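Given the structure is predicted, the values throughout are model-derived calculations rather than measurements.
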Amino acid sequence: MMKATSMLFLLFFSLVSFTNSNDRIISGTVYSQADQQALPGVSVIIEGASKGVMTDQKGHYTITISSKDQFLVFQYIGFKTTRVPIGPSNTLDVQLQSADQALDEVVVVGAGRQKKSRLVGSSAYGMAVVPRGVTVSNQVRIWGQPRPTETYQKIKENGFTSPIKEPLSTFAVDVDAASYSNVRRFINNGELPPKDAVRVEEMINYFQYDLKGPSDNRPVAISTELSQAPWNPQHQLLRVALKAKSVDTDKLPPSNFVFLIDVSGSMAESNRLPLVKTSLKMLVDQLRDKDKVALVTYAGTAGIKLESTPGNQKMKIKDAIDDLSANGSTAGGAGIKMAYKLAREQYIKEGNNRIILASDGDFNVGPSSDEDMEELITEERESGINLSILGFGMVNLKDSKMEIMADKGRGNYAYIDNLSEARKAIITEFGGTLFTVAKDVKIQVEFNPAKVQAYRLLGYENRLLESKDFNNDQKIGGDMGVGHSVTAYYEIVPFGVRDNYAGNVDPLKYQTNSKPINNTYNHEIAQVKFRYKEPGGQKSKLEQLTIADKPIDFHHASADFRFASAVAELGMLLRNSEYKQQADYDRLIARAKAAKGTDEEGYRAEFIRLAESAKLLARSKAVANLGEY
């Protein structure tokens, strides 16, 4: 009794001491003055002190100050530094003014130079410029360091092709969006991404578009739109889009999930395993009573952390997730084998059987190469168990390995760089990423050479198929989940346009040069076909659509068409594409602003800010390369 009384006295004394402190808490929200959008990742620093905080995804901040503190300093790349006096109120909202000039406070990471300040990043929220000697509370590391161990698949960019030489363009549908969030991570941390980290199709498909879903009992509907290419008005831009059917969550089939968690030493940082835990607990909150979850971990060895558990035992599942800790090497291959074994043992016929792997992809024990992983997953992919990948971390991110694994495992790949992205991938798009409505989806477009001199598919380089693969049901395509949409763009050189992209080949000597057929189809520019299988089916179904040669004026194109074209244009600029032509940051930003639409979740506004930051970083890099520092 005396012991309990003493503890209560100590607690009371602590509370009184805290209450009598001269410290007080200031909180508020930071906005962009131009559009009143909340700004995540702004550094909020006490002038003259060595501490600060960053705003969260909604632009909120909370900071503890002392009675002697007089000013707060707000800093964010692309905006003017703002010094604000601390008044008597405990609420302080701030509006930041956009800075048009180049980044004179930023580390020029490509050239290894530094000026006035260092650049730090937040694993959860974004970027900020912080003066030397200041510590930010959620700082992870100083950005601008080399990333020698990050790996990306080499992309050989699609070029322009003559429809006389190759009339068919064939590719597997891909609904991954990992590249966009990874590119965002680089830009928010103050540097331009490696060109092979930029997959244009994944950037485009990061966003939701207003497409008409299928009627009757079809799982997928197709639509097209034809207009001018904004980076070359002499060219045309053809959008081919698919939209999967929507299904109420309570009507989705029961799920057999196996969470496969990398708990090796490389996952110890705050933007890895701690973020994995938070993300998976979000997913646990979406589980229904008829769902079940098992938990497999791997470090030096693989083991079962939690046997298959019903979805209504959420606390038990969350406790197992909370108990995870990181150490040791990375036996990813052993973990994958164990996860497939456990998923087979709990297999639900006509259900959703899926492994969800959370890792940075840095396997270093047992099978570990990209080829090893591809072979391992290929052996398992016809088991009816899909593999989805959640990528985390930086510095040693193995993007190439995880992209291959998701493609071969009939799953999807998302890169989680912050809590907002975790919410988007796991809650907002819960059905679309985890419940397949059509598998092995392929698209094949035949262009009419009487109307098209040359065409180019933007992106999908890693998903191209041979023409003969379209009708071969043994060749896998991509999977589409509940409510998901897919957009692909073709840039077209119309017949009669003279430029270097159409190509010029001398007549053949030993065979007849192919020529367009008669005028029977002169009102058509192309025919689109797509194939898909039902989730449990083995034989594909075919649908097709003819596209009339009736391009609409770009200004009358849909908002989605115009916005997605801006995303594609940014991708080409970030890749420094050979085919970027007249692509321009200012024009794409203006176009994205005009086509932003309702944007309830704020993702399009975030893209606009990202493009503005990329413009400033590109300008700084150009200045550095010219030696004008």
- Could you walk me through whether Leu357 and Tyr413 pass the side-chain contact (heavy atoms from CB on, under 4.5 Å) test, one step at a time? CA-CA 10 Å; Leu357 168 61; Tyr413 167 36; over 6 Å; no
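- Rounding to the nearest 0.5 Å gives a distance of 6.5 Å between CD1 of Ile46 and CD1 of Ile86.
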- Task: Could you give me the CA-CA distance, side-chain angles and deciding distance for Glu569 and Arg591, then say whether salt bridge (charged side-chain N to carboxylate O under 4.0 Å, His left out) is met?
- Result: CA-CA 11 Å; Glu569 188 168 346; Arg591 191 161 72 253; 2.4 Å; yes
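- Checked against the 6.0 Å centroid threshold, Phe392 and Tyr415 do not count as a close aromatic pair.
- Arg562 places none of its side-chain heavy atoms less than 4.5 Å from the side chain of His555.
- No donor-acceptor distance shorter than 3.5 angstrom exists from the side chain of Arg604 to the backbone of Asp599, with no hydrogens or angles considered.
- For the atom pair Asn205 CG and Ser485 OG, the distance stands at 6.5 Å (nearest 0.5 Å).
- Checking side-chain atoms of Thr55 against main-chain N and O of Leu39 turns up a donor-acceptor pair under 3.5 Å.
- Residues Asn182 and Tyr152 have side chains that bring a donor and an acceptor to within less than 3.5 angstrom of each other.
- At a threshold of 4.5 Å between non-hydrogen side-chain atoms, the residues Leu616 and Tyr585 do not count as touching.
- Across every non-hydrogen atom of Ala568 and Val200, the tightest pair is CA-CG1, 4.0 Å.
- Side chain of Gln33 to backbone of Gln95: no donor-acceptor contact under 3.5 angstrom is found.
- Taking each heavy atom of Met267 and Val276 in turn, the nearest pair found is CE-CG2, 3.8 Å.
- With rounding to the nearest 0.5 angstrom, the OH atom of Tyr180 is 8.0 Å from the CG atom of Leu570.
- Summarising the geometry, atom CG belonging to Leu573 is positioned 7.5 Å from atom CG belonging to Asp584; distances are rounded to the nearest 0.5 Å.
- The pair Lys424-Glu601 does not count as a salt bridge, with every side-chain nitrogen at least 4.0 angstrom from each carboxylate oxygen.
- The cationic atom of Arg239 (NZ for Lys, CZ for Arg) does not lie both less than 6.0 Å from the six-membered ring centre of Phe561 and within 45° of the ring axis.
- Of the N and O atoms on the side chains of Arg24 and Thr64, not one donor lies less than 3.5 Å from an acceptor on the other residue.
- Residue Ile416 comes nearest to Leu275 through the heavy atom pair O-CD2, 3.9 Å, listed as atom of the first residue, atom of the second, then distance.
- Checking side-chain atoms of Thr82 against main-chain N and O of Lys80 turns up a donor-acceptor pair under 3.5 Å.
- Residues Leu617 and Ile187 have side chains in contact (heavy-atom distance under 4.5 Å, counting atoms from C-beta outward).
- Looking at Asn412, its side chain never comes within 3.5 Å of a backbone N or O of Asp176 through a donor-acceptor pair.
- Phe563 and Tyr209 have their aromatic ring centers separated by at least 6.0 angstrom.
- You'll find the side chain of Leu72 stays beyond 4.5 Å of the side chain of Glu47, heavy atoms only.
- Panel note: side chain Lys593, backbone Ile608; no donor-acceptor pair is recorded below 3.5 Å.
- Taking 4.5 Å as the limit, every side-chain heavy atom of Ser27 sits out of range of all side-chain heavy atoms of Ile63.
- At a cut-off of 3.5 Å, with distance as the only test, a side-chain donor of Glu157 or Ser577 sits close to an acceptor on the other residue.
- Checked for salt-bridge contact, Glu606 and Arg184 meet the test: a charged N lies under 4.0 Å from a carboxylate O.
- In this structure, Arg354 and Leu387 have side chains that are not in contact, with every pair of non-hydrogen atoms separated by 4.5 Å or more.
- In the model, Glu421 has a side-chain atom that pairs as donor or acceptor with a side-chain atom of Tyr206 under 3.5 Å.
- Of the inter-residue distances, the one linking Asp262 atom CG with Tyr298 atom OH reads 3.5 Å to the nearest 0.5 angstrom.
- Between Lys615 and Asp586 there is a salt bridge, with a side-chain nitrogen of the basic residue lying less than 4.0 Å from a carboxylate oxygen of the acidic one.
- The closest side-chain heavy-atom distance from Met203 to Leu574 is below 4.5 Å.
- The main-chain N or O of Ile155 is found under 3.5 Å from a side-chain atom of Asp196 such that the two form a donor-acceptor pair.
- Remark: of the listed residues Arg199, Arg463, Lys154, Arg199 is the sole one forming a salt bridge (charged side-chain N to carboxylate O under 4.0 Å, His left out) with Glu403.
- In this structure, Ser43 contributes its side chain and Gln75 its backbone to a donor-acceptor pair below 3.5 Å.
- Here the two rings, on Tyr61 and Phe74, have centers that are under 6.0 Å apart.
- In this structure, Asp69 contributes its side chain and Ser66 its backbone to a donor-acceptor pair below 3.5 Å.
- Considering CG of Leu273 and CG of Leu280, their distance stands at 9.0 Å, rounded to 0.5 Å.
- Remark: side-chain polar atoms of Glu202 are paired, donor with acceptor, to backbone N or O of Ala178 under 3.5 angstrom.
- One finds a salt bridge joining Lys318 and Asp285 here, because a Lys/Arg side-chain nitrogen approaches an Asp/Glu carboxylate oxygen to under 4.0 Å.
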